[in-house]
Amino acid sequence: MLLAALWLLTVSIRMIFNLKQTAGGLISPIVLRVVSYVFLVIPIASMALGTFWEKPIIHSIMTAAYISIFFGLNRLATQRSMSVQNGDT
(Lines give C-alpha, C1' and ligand atoms only; values in the text may rest on other atoms or scores of the structure.)
Protein backbone atom coordinates (compact mmCIF):
# COMPACT_ATOMS: atom_id res chain seq x y z
CA MET A 1 0.00 0.00 0.00
CA LEU A 2 2.88 2.30 0.78
CA LEU A 3 4.38 1.61 -2.63
CA ALA A 4 1.12 2.57 -4.35
CA ALA A 5 0.93 5.78 -2.33
CA LEU A 6 4.49 6.71 -3.27
CA TRP A 7 3.79 5.98 -6.93
CA LEU A 8 0.70 8.20 -6.82
CA LEU A 9 2.76 10.93 -5.17
CA THR A 10 5.32 10.85 -7.99
CA VAL A 11 2.58 10.95 -10.63
CA SER A 12 0.96 13.89 -8.82
CA ILE A 13 4.23 15.78 -8.70
CA ARG A 14 4.76 15.19 -12.43
CA MET A 15 1.26 16.52 -13.10
CA ILE A 16 1.75 19.61 -10.94
CA PHE A 17 5.10 20.55 -12.45
CA ASN A 18 4.20 19.42 -15.99
CA LEU A 19 7.09 16.96 -16.21
CA LYS A 20 6.85 14.49 -19.08
CA GLN A 21 8.04 10.93 -19.27
CA THR A 22 10.12 9.84 -22.22
CA ALA A 23 7.05 8.00 -23.54
CA GLY A 24 5.05 11.21 -23.61
CA GLY A 25 2.67 10.46 -20.79
CA LEU A 26 2.39 10.40 -17.04
CA ILE A 27 2.41 6.63 -16.82
CA SER A 28 5.01 4.38 -18.45
CA PRO A 29 4.03 1.52 -20.77
CA ILE A 30 5.09 -1.08 -18.20
CA VAL A 31 2.79 0.36 -15.53
CA LEU A 32 -0.05 0.58 -18.06
CA ARG A 33 0.35 -3.12 -18.82
CA VAL A 34 0.45 -4.05 -15.12
CA VAL A 35 -2.72 -2.06 -14.44
CA SER A 36 -4.40 -3.61 -17.49
CA TYR A 37 -3.75 -7.10 -16.13
CA VAL A 38 -5.22 -6.05 -12.79
CA PHE A 39 -8.41 -5.14 -14.66
CA LEU A 40 -8.33 -8.58 -16.29
CA VAL A 41 -7.91 -10.37 -12.95
CA ILE A 42 -10.84 -8.57 -11.29
CA PRO A 43 -13.62 -10.54 -13.10
CA ILE A 44 -11.74 -13.81 -12.66
CA ALA A 45 -11.40 -13.19 -8.93
CA SER A 46 -15.07 -12.20 -8.77
CA MET A 47 -16.08 -15.55 -10.27
CA ALA A 48 -13.69 -17.47 -8.05
CA LEU A 49 -14.95 -15.77 -4.89
CA GLY A 50 -18.58 -16.18 -5.87
CA THR A 51 -19.55 -12.51 -5.84
CA PHE A 52 -20.20 -12.65 -9.59
CA TRP A 53 -23.22 -14.89 -9.08
CA GLU A 54 -24.97 -12.55 -6.64
CA LYS A 55 -25.91 -10.11 -9.44
CA PRO A 56 -24.93 -11.81 -12.71
CA ILE A 57 -26.40 -9.20 -15.08
CA ILE A 58 -24.62 -6.23 -13.52
CA HIS A 59 -21.40 -8.19 -13.10
CA SER A 60 -21.55 -9.29 -16.75
CA ILE A 61 -21.71 -5.65 -17.82
CA MET A 62 -18.84 -4.83 -15.48
CA THR A 63 -16.83 -7.76 -16.86
CA ALA A 64 -17.29 -6.44 -20.40
CA ALA A 65 -16.12 -3.01 -19.23
CA TYR A 66 -13.08 -4.48 -17.46
CA ILE A 67 -12.11 -6.46 -20.54
CA SER A 68 -12.45 -3.39 -22.77
CA ILE A 69 -10.30 -1.40 -20.30
CA PHE A 70 -7.73 -4.21 -20.47
CA PHE A 71 -7.52 -4.00 -24.26
CA GLY A 72 -7.52 -0.19 -24.25
CA LEU A 73 -4.68 0.07 -21.75
CA ASN A 74 -2.65 -2.53 -23.63
CA ARG A 75 -3.15 -0.64 -26.89
CA LEU A 76 -2.08 2.62 -25.23
CA ALA A 77 1.00 0.91 -23.76
CA THR A 78 1.90 -0.44 -27.20
CA GLN A 79 1.55 3.00 -28.79
CA ARG A 80 3.72 4.58 -26.13
CA SER A 81 6.40 1.91 -26.34
CA MET A 82 6.47 2.30 -30.14
CA SER A 83 6.88 6.07 -29.76
CA VAL A 84 9.81 5.50 -27.40
CA GLN A 85 11.44 3.11 -29.88
CA ASN A 86 10.97 5.60 -32.72
CA GLY A 87 12.38 8.45 -30.64
CA ASP A 88 9.17 10.51 -30.64
CA THR A 89 8.40 12.63 -27.59
Side-chain angles (χ1 to χ4, degrees):
M1 193 63 162
L2 178 64
L3 187 62
L6 290 174
W7 176 74
L8 284 173
L9 177 68
T10 59
V11 171
S12 300
I13 290 171
R14 284 192 304 231
M15 285 178 63
I16 291 169
F17 294 111
N18 197 18
L19 303 173
K20 290 187 178 181
Q21 291 257 332
T22 57
L26 289 173
I27 302 173
S28 70
I30 295 170
V31 174
L32 285 172
R33 285 195 179 95
V34 168
V35 171
S36 73
Y37 282 105
V38 169
F39 276 103
L40 187 62
V41 169
I42 289 172
I44 296 169
S46 175
M47 284 188 226
L49 294 174
T51 59
F52 181 86
W53 306 113
E54 292 174 3
K55 297 178 182 176
I57 295 172
I58 293 173
H59 285 117
S60 297
I61 295 168
M62 289 171 56
T63 299
Y66 288 144
I67 291 172
S68 65
I69 290 170
F70 166 76
F71 285 119
L73 288 176
N74 271 324
R75 184 178 30 186
L76 182 61
T78 303
Q79 288 174 352
R80 287 193 181 172
S81 64
M82 293 300 254
S83 70
V84 168
Q85 290 176 354
N86 294 335
D88 299 338
T89 54

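Remember, it's a predicted structure, so these values are computed and weren't measured experimentally.
When the side chains of ILVMFWY residues are joined at heavy-atom separations under 4.5 Å, either directly or via intervening members, F70 and L32 end up in two distinct hydrophobic clusters. Cluster membership for I58 and I61, using ILVMFWY side-chain heavy atoms within less than 4.5 angstrom, is not shared. When the side chains of ILVMFWY residues are joined at heavy-atom separations under 4.5 Å, either directly or via intervening members, V11 and V35 end up in a single hydrophobic cluster.
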Give the table of side-chain donor-acceptor pairs shorter than 3.5 Å for residues 38-46, with sequence neighbours excluded, one pair per line with atom names and distance.
| unit_1 | atom_1 | unit_2 | atom_2 | d |
| --- | --- | --- | --- | --- |
| S46 | OG | T51 | OG1 | 3.1 |
| S46 | OG | F52 | N | 3.3 |

Q: Verify side chain to side chain contact (heavy atoms under 4.5 Å, CB included) between L76 and Q79, making sure each step is shown before the conclusion.
A: CA-CA 5 Å; L76 182 61; Q79 288 174 352; 4.1 Å; yes
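Residues P29 and S81 share a closest heavy-atom pair of CG-N, 3.8 Å.
Put simply, NZ on K55 and CE on M62 are 10.0 Å apart, with the number rounded to the nearest 0.5 Å. Separation of atoms CG (L73) and OG1 (T78) is listed at 10.5 Å; rounding is to 0.5 Å. With values rounded to the nearest 0.5 angstrom, M47 atom CE is found 10.5 Å from H59 atom NE2.
Other residues, nucleotides and ligands contribute only 12 or fewer heavy atoms inside 6.0 Å of the CD1 atom of I57.
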